[in-house]
A.B. asks: 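Would you mind keeping the following structure in view while I ask a few things?
Chain letters run A, B, ... following the sequence lines, proteins first and then strands; every chain starts at 1. Owing to the predicted nature of the structure, the values given are computational and were not obtained by experimental measurement.
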Amino acid sequence: MESLTNRKKVLEQKPMTFAERMYLPAILSGLTITLKHFFKKKATIRYPEVKREYSTNFRGIHSLKRDEEGRERCTACGLCALSCPAEAITMIAAERKPGEEGLYREEKYAATYEINMLRCIFCGFCEEACPKEAIYLDGDIPPASFDRENFVYGKDKLVEPIHKK
Amino acid sequence: MSEKVKVTIDNIEIEVDPGTTILNAARMIGGDVVPPAMCYYSKLKGSGGKCRTCLVKVSQGSAKDPRPMPKLVASCRTTVMDGMVVQNITSPEVVEARKGVVEFLLINHPLDCPVCDQAGECHLQDLSFEHGKDQSRYEFKRRTFEMVDIGDKIKLHMNRCILCYRCVFTADQITDNRVHGILGRGDASEIGTYISKAIDNDFSGNVIDVCPVGALTDKTFRFKNRVWFTKPVDAHRDCDKCCGKVTLWYKGEEVIRVTGRKDQYGEVDEFICNTCRFDKKKTSDWTIEGPTKVDRHSVISSNHYDEKELLPVIDRKIF
């Protein structure tokens, strides 16, 4: 049958010459390629000790931000939890008491704020939904662990530390 | 004069009783024709005419006098005439004017929706989403007030108030003497109860339900949860003071809020008493009727993926 593309190549199979039948030249040329790679730059890195640079739009562990005066920006509005397609975020709101103005930005704040990193798909919707610019996925990859409980990140792990000037 | 009058709203003709307002005639038609209303409340006598969001264009006054009305009119205060032709969303003038009204209403509104408990069921939020511009041209300081406790169950955030007077009319209707009103004039006006005096009446909690914004909120529900994470359930109980028909708002198996039953315009069917509203927060206090019908596009019905999964308190045999 005539081929559709006319690009078919008919392969001729000639019997091997004596030199080819020796195999040694082919083996040697293969070994030189292997030897050359010993002196080339390695393609891999030693991961946990050495880390590659992340791309600028990489999304890792969330962090809850503070404002210029070190107050927590999150006001527990629940829009991150509402937008979360994996339902990974839960929070309990509380009212700011007099005297806590230096800790929290608004009169309401998140008393507990938990993200389940096993549920989270790192889509970044929470970051987009946040009206207070309080949550950003600017962290690392969540580290491995033996226990599931260790993947539920509370405020102790999420809120960024107060900047020291 | 008991004959019905004919009125045309957005090219839809309807016959209504004489003396009906344009707004109520439009509500009889229903759908997109209904002008939004922030201050008018059908259960409150004398309400309406304050917020101007229900502005419509009357392009033909009546059959006898077919001249158009010179300015846009407030549909909640204008009664229909025979042969009247009204334009609501079909008139670009009305749509433009409504944008301006929303901008004016938002001038002093703090836009603290992330903090406000009303967010998700706030009429001003819906209104500005549907009719408003996305930017304000106001550059000056917004007026600010201290928060006031009206009694131990109601919190007044005067910052959020749009001065619709609904709560004032409610207080006037439930009490004999005037205990709750507006102090000051113009830009300085504020809701007040004369030296934070408590409205001690069995029905005072209804000012929370009638408030279209988050100015009057339930202190027992304050910051407990966002409205869209709770599930509304219709329930009733035998109450010697009120009808006892309410909506319970569940979080898990816990009743975190009790409100009156609201219709599609956000108006309660019947006022409920403070005992039902603030003190009966156990499932055992109530007879559950079934889940409240929530508009599919409402934020309250969002994230509830499985609609068949009923709350454990609802008797499965009924459905």
A.B. asks: Residues of residues 143-151 of chain A under 4.5 Å from chain B (heavy atom pairs)?
C.D. replies: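 Those residues of residues 143-151 of chain A which would need a heavy atom under 4.5 Å from chain B do not exist here.
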A.B. asks: Could you list the residues that satisfy side-chain contact (heavy atoms from CB on, under 4.5 Å) with A/E101, not counting sequence neighbours?
C.D. replies: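 Per chain and number, A/E101 pairs via side-chain contact (heavy atoms from CB on, under 4.5 Å) with A/R96.
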A.B. asks: Whether B/K219 and A/E95 form a salt bridge (side-chain N of Lys/Arg under 4.0 Å from carboxylate O of Asp/Glu) is what I want to check.
C.D. replies: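 A salt bridge is absent here (no side-chain N lies under 4.0 Å from a carboxylate O).
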A.B. asks: Count the heavy atoms belonging to other residues, nucleotides or ligands that lie under 6.0 Å from CD of B/Q135, then report whether that count exceeds 12.
C.D. replies: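 No.
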A.B. asks: Hey, what do you get for CZ (B/R222) to NZ (A/K108), rounding to the nearest 0.5 Å?
C.D. replies: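 B/R222 atom CZ to A/K108 atom NZ measures 9.5 Å (nearest 0.5 Å).
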A.B. asks: More than 12 non-hydrogen atoms from neighbouring residues, nucleotides or ligands closer than 6.0 Å to CD on A/E49, yes or no?
C.D. replies: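 It does: A/E49 CD has more than 12 such atoms within range.
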A.B. asks: Report, as yes or no, whether the 6.0 Å neighbourhood of atom CZ on B/F145 holds more than 12 heavy atoms from other residues, nucleotides or ligands.
C.D. replies: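 More than 12 heavy atoms, drawn from other residues, nucleotides or ligands, come within 6.0 Å of this atom.
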A.B. asks: Please indicate whether A/F122 has more than 12 foreign heavy atoms, meaning atoms of other residues, nucleotides or ligands, lying under 6.0 Å from its CZ.
C.D. replies: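 Yes.
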A.B. asks: Look up atom CG in A/L79 and atom CH2 in B/W228, then write down how far apart they are to the nearest 0.5 Å.
C.D. replies: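 The CH2 atom of B/W228 is 4.5 Å from CG of A/L79, to the nearest 0.5 Å.
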A.B. asks: Decide yes or no for A/I92 and B/N225: does some side-chain heavy atom of the first lie under 4.5 Å from some side-chain heavy atom of the second?
C.D. replies: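 Sidechains of B/N225 and A/I92: no contact.
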A.B. asks: List the steps, then state whether side-chain contact (heavy atoms from CB on, under 4.5 Å) holds for A/M91 with B/R226.
C.D. replies: CA-CA 10 Å; A/M91 71 191 70; B/R226 306 302 300 198; over 6 Å; no
A.B. asks: What pair of heavy atoms forms the shortest contact from B/P114 to A/C77, and how long is it?
C.D. replies: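 Heavy atoms of B/P114 and A/C77 come nearest at O-CB, 3.3 Å.
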A.B. asks: As an exercise: rank A/G78, A/A94, A/A93 by heavy-atom pairs under 4.5 Å with chain B and give me the winner.
C.D. replies: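 Ranked by heavy-atom pairs under 4.5 Å with chain B, first place is A/G78.
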A.B. asks: For A/L4, does the CG atom have more than 12 heavy-atom neighbours from other residues, nucleotides or ligands under 6.0 Å away?
C.D. replies: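 Check fails, neighbour count at 12 or below.
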